[in-house]
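Working notes for the structure below.
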Amino acid sequence: MNSLRIGHYREQMNKTHILVTTAALLALMTSLASITPLRAQTPDFNIAAAPLDICVSPGEAASYLVTVSSTDGFQGNVELADSIDPNATNAPTLSPIPSSVSLTSGQNVTFSLTASTVQATPEHGYTITIIGGTDVTVHSATVYLTVRPACGSVGGSLAPVNSIGLLVPYAIIAATVVGAGAGTATLLNNRRTRVR
């Protein structure tokens with residue numbers, strides 16, 4: 001009688017152990033399924049410029065700091081080009097920038113870009129675009145320059161005085177985004193042609 005009870009008890013214990021083990025495995029599988037698998041990062045670079053906007057009076061100059069940086073272990077050459085829009089008569093002129101920079105993993109390269117105006121420079125909002133490209137990818141940074149007598153000192157901040165003035169930067173951004181795809185290859189190609 002006792003051996004029967006012991007056998008029955010052992011059988012119940014085995015069933016309980018199997019149920020607990022199965023529940024634990026199911027919980028583990030559910031937990032593992034919810035984990036997002038890690039993806040390998042593709043080496044790349046980033047390009048940024050600051051400050052975002054500067055307002056100067058005609059005849060003054062504005063300076064921007066451009067940084068090209070390696071991300072996710074990128075190393076190699078990044079070709080550079082720049083443009084200003086609109087590029088009309090007496091529009092601001094841009095100082096020369098490096099035709100390319102060489103990056104090692106985790107490295108940042110910084111240089112200045114100066115936009116110079118003359119007394120005859122039209123009062124306007126200008127878009128300055130700096131483009132960096134490799135054989136694989138292209139990135140750009142955009143900054144803005146407002147030429148207006150009311151700006152006073154060099155580097156004054158952009159402060160539109162009416163609703164039309166507020167819309168000007170956004171219209172410039174929209175035009176830049178639309179034209180960026182077509183203009184990128186041309187700018188880099190022009191830069192390569194000049195270097196050679």
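These numbers come from a predicted model, not from an experiment.
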What are the two closest non-hydrogen atoms of [X] and [Y], and how far apart are they?
X: Ser63; Y: Ile54; result: O-CD1, 3.4 Å
X: Val68; Y: Leu103; result: O-CD2, 3.7 Å
X: Leu65; Y: Ser112; result: CD1-OG, 3.9 Å
X: Thr129; Y: Ser140; result: CG2-CB, 4.1 Å

Side-chain atoms of residues 86-95: list all donor-acceptor pairs with protein atoms under 3.5 Å, sequence neighbours left out, distances to 0.1 Å.
{"unit_1": "Ser95", "atom_1": "OG", "unit_2": "Thr114", "atom_2": "N", "d": "2.9"}

Taking only residues two or more places apart in sequence or in another chain, which ones pass side-chain contact (heavy atoms from CB on, under 4.5 Å) with [X]?
X: Pro43; answer: Phe74
X: Ala141; answer: Ile47, Ala49
X: Asp44; answer: Thr71, Thr137, His139

Under the side-chain contact (heavy atoms from CB on, under 4.5 Å) rule, what do Asn46 and Ser69 come out as? Steps first, then yes or no, please. CA-CA 5 Å; Asn46 184 48; Ser69 53; 3.7 Å; yes
Can you list everything that forms a side-chain hydrogen bond (donor to acceptor under 3.5 Å, both in side chains) with [X]? Sequence neighbours excluded, please.
X: Ser105; value: none
X: Asn77; value: Ser102
X: Gln75; value: none

Atom CD1 of Ile97 and atom CG of Asp82: how far apart are they, to the nearest 0.5 Å? 4.0 Å
Can you tell me how far the CD atom of Glu60 sits from the OG1 atom of Thr117, to the nearest 0.5 Å? 6.5 Å
Could you check Val138 against Ile131 for side-chain contact (heavy atoms from CB on, under 4.5 Å), going step by step and ending with a plain yes or no? CA-CA 7 Å; Val138 173; Ile131 297 174; 3.6 Å; yes
Does the side chain of [X] reach to within under 4.5 Å of the side chain of [Y], using non-hydrogen atoms?
X: Cys55; Y: Arg148; result: yes
X: Leu145; Y: Asp53; result: no
X: Glu123; Y: Pro149; result: yes
X: Thr142; Y: Ile128; result: no
X: Tyr126; Y: Val147; result: yes

Just do the side-chain contact (heavy atoms from CB on, under 4.5 Å) check on Val66 and Thr110 with the steps written out, would you? CA-CA 6 Å; Val66 182; Thr110 302; over 6 Å; no
Spell out, as yes or no, whether a donor-acceptor pair under 3.5 Å connects the side chain of Ser70 to the backbone of Gly106. yes
Inter- and intrachain pairs under ring-ring contact (aromatic ring centres under 6.0 Å, His included), touching residues 104-123, at least two apart: none
